[in-house]
Amino acid sequence: MNLDGFWWGREYPGADRVGEGLLASAGTIAPPEYIEEKVINSARFGIPADRAEAAARAAARPLPDGKRQTLPERVEALEIFDELHRIFARGVTPWLDGVDCPLLLVQVGRRLTPAPGMEWFGEFSARFAQGVSEELAALSRTRPTISVNRIDATHLMNLETPEAVAAMVAGCVRGLPD
C-alpha cells in the first residue's frame with residue numbers, strides 16, 4: 001500500500017525549497033500551545049478535534065518544561081530524506097520496476113492549502129501531482145498487479161477520511177489471492 005507517499009528527485013524544480021522547509025521544522029522545539037494550534041489548524045480540513053489531537057500528540061514528544069519537540073528529530077529526518085531521494089532519484093514510478101505483487105497506490109484528489117508565505121507551494125504541488133498522475137496512469141495500463149486509486153482528500157487523508165481509506169485498503173486486501 002502507498003497512500004500518497006510519492007517524492008520528487010533533488011533535480012525537480014522547487015524541490016530544494018520544499019526540502020529546506022521540511023528540514024527546518026524537523027526536531028524543532030514547539031511552544032506548550034502546539035497541540036491546541038494543530039487542532040485549530042486541522043479544523044480547516046474538516047478533521048475532527050479528537051483525531052487532530054491524537055495525531056499532534058504522536059508527532060511531538062513532550063519536554064519537561066511543557067514544550068514539545070517535533071518528530072522526527074533532525075538526524076532522523078535527514079536519513080529519511082536521503083532514502084526518499086535515493087528511491088525516487090529516477091522518478092516517481094521506476095522504483096516499482098521490481099514489484100510484481102499486488103500493490104495499491106492512492107493519490108489524493110485535493111491539494112493542501114499553502115501556509116501563508118508559501119503560496120509558491122501550490123504551484124509546485126499542482127505541477128508535481130499532474131506528473132505523478134500521468135506516470136501512474138501509464139503504469140497502471142502496463143502493470144495488472146498495480147491498482148491506482150484517487151481519493152477525495154488531501155495528503156492528510158488518514159485523518160480526513162479514515163473510513164474511506166480503510167474501505168479502499170480492505171477492498172484491496174479482499175481481492176488478494178488466498
Side-chain angles (χ1 to χ4, degrees), residues 1-96 103-129 131-132 135 151 153-162 165-166 169:
M1 309 288 171
N2 182 324
L3 304 176
D4 196 40
F6 307 106
W7 192 257
W8 44 84
R10 284 185 165 102
E11 301 77 31
Y12 193 82
D16 53 339
R17 287 180 82 178
V18 176
E20 288 169 11
L22 291 171
L23 282 175
S25 67
T28 58
I29 304 302
E33 310 77 47
Y34 173 82
I35 302 295
E36 293 78 20
E37 290 171 359
K38 291 294 185 182
V39 170
I40 291 167
N41 188 44
S42 296
R44 68 186 184 135
F45 299 107
I47 298 170
D50 59 333
R51 289 184 201 155
E53 182 177 345
R57 288 189 185 285
R61 67 181 179 87
L63 298 174
D65 62 0
K67 295 179 182 175
R68 295 188 171 267
Q69 182 174 29
T70 62
L71 301 172
E73 292 185 32
R74 187 166 178 79
V75 171
E76 289 82 12
L78 288 168
E79 291 172 2
I80 291 167
F81 286 4
D82 285 346
E83 186 63 11
L84 287 169
H85 286 307
R86 186 191 67 73
I87 292 170
F88 290 99
R90 297 182 296 137
V92 172
T93 59
W95 64 276
L96 298 170
L103 177 64
L104 171 65
L105 300 170
V106 180
Q107 188 178 22
V108 299
R110 290 185 282 123
R111 302 282 149 272
L112 285 169
T113 304
M118 293 201 38
E119 289 76 15
W120 60 269
F121 183 76
E123 181 182 326
F124 170 89
S125 179
R127 189 175 60 243
F128 182 70
V132 169
E135 284 191 53
I151 190 165
T154 70
H155 183 68
L156 305 171
M157 70 176 86
N158 292 331
L159 295 173
E160 288 177 63
T161 58
V165 172
V169 171

**Matching residue for Phe88 among Trp95, Tyr12, Phe81, Phe6 - test: ring-ring contact (aromatic ring centres under 6.0 Å, His included)** = Trp95
**Fill in**
One should read off an interatomic distance between Leu63 CG and Ile29 CD1, to the nearest 0.5 angstrom, of 5.0 Å
Please list every donor-acceptor pair under 3.5 Å in which a side-chain atom of residues 38-51 meets a protein atom from a residue at least two apart or in another chain.
unit_1	atom_1	unit_2	atom_2	d
Asn41	OD1	Arg44	NE	2.9
Ser42	OG	Lys38	O	2.8
Arg51	NH1	Leu159	O	2.9
Arg51	NH2	Glu163	OE2	3.3

**Message:** According to side-chain contact (heavy atoms from CB on, under 4.5 Å), who are the partners of Pro64, at least two apart in sequence or on a separate chain?
**Reply:** none
**Message:** Less than 4.5 Å apart, side chain to side chain, heavy atoms only: is that true for Glu36 and Pro31?
**Reply:** no
**Prompt:** Checking Arg127 side chain against Pro13 main chain: does a donor-acceptor pair fall under 3.5 Å?
**Reply:** yes
For residues 53-60, dump all side-chain donor-acceptor pairs below 3.5 Å to protein atoms at least two apart in sequence or in another chain.
unit_1	atom_1	unit_2	atom_2	d
Glu53	OE2	Arg57	NE	3.0
Glu53	OE2	Arg57	NH2	3.0

**Asked** Looking at Tyr34 and Arg68, what are the two nearest heavy atoms and their distance?
**Response** CD2-CD, 3.9 Å
**Prompt:** How long is the gap from CG on Leu96 to CD on Glu135, to the nearest 0.5 Å?
**Reply:** 9.5 Å
**Asked** Under 3.5 Å, is there a donor-acceptor pair between the side chain of Thr28 and the main chain of Ser25?
**Response** yes
**Message:** Checking Arg61 now: which residues fulfil side-chain hydrogen bond (donor to acceptor under 3.5 Å, both in side chains) with it, not counting sequence neighbours?
**Reply:** Gln69, Glu73
**Request:** Could you list all the salt bridge (charged side-chain N to carboxylate O under 4.0 Å, His left out) pairs where at least one residue sits in residues 75-89, not counting sequence neighbours?
**Result:** Arg10-Asp82, Glu83-Arg86
**Fill in**
Hits for side-chain contact (heavy atoms from CB on, under 4.5 Å) against Thr161, two or more places apart or cross-chain, chain-then-number order -> Ile151, Ala153, Met157, Ala164, Val165
**Message:** Quick one: does any side-chain atom of Thr70 pair with a main-chain N or O of Gly27 as donor and acceptor, under 3.5 Å?
**Reply:** yes
**Prompt:** Aromatic rings Phe124 and Phe128: how do their planes relate, parallel, tilted or perpendicular, breaks at 30° and 60°?
**Reply:** parallel
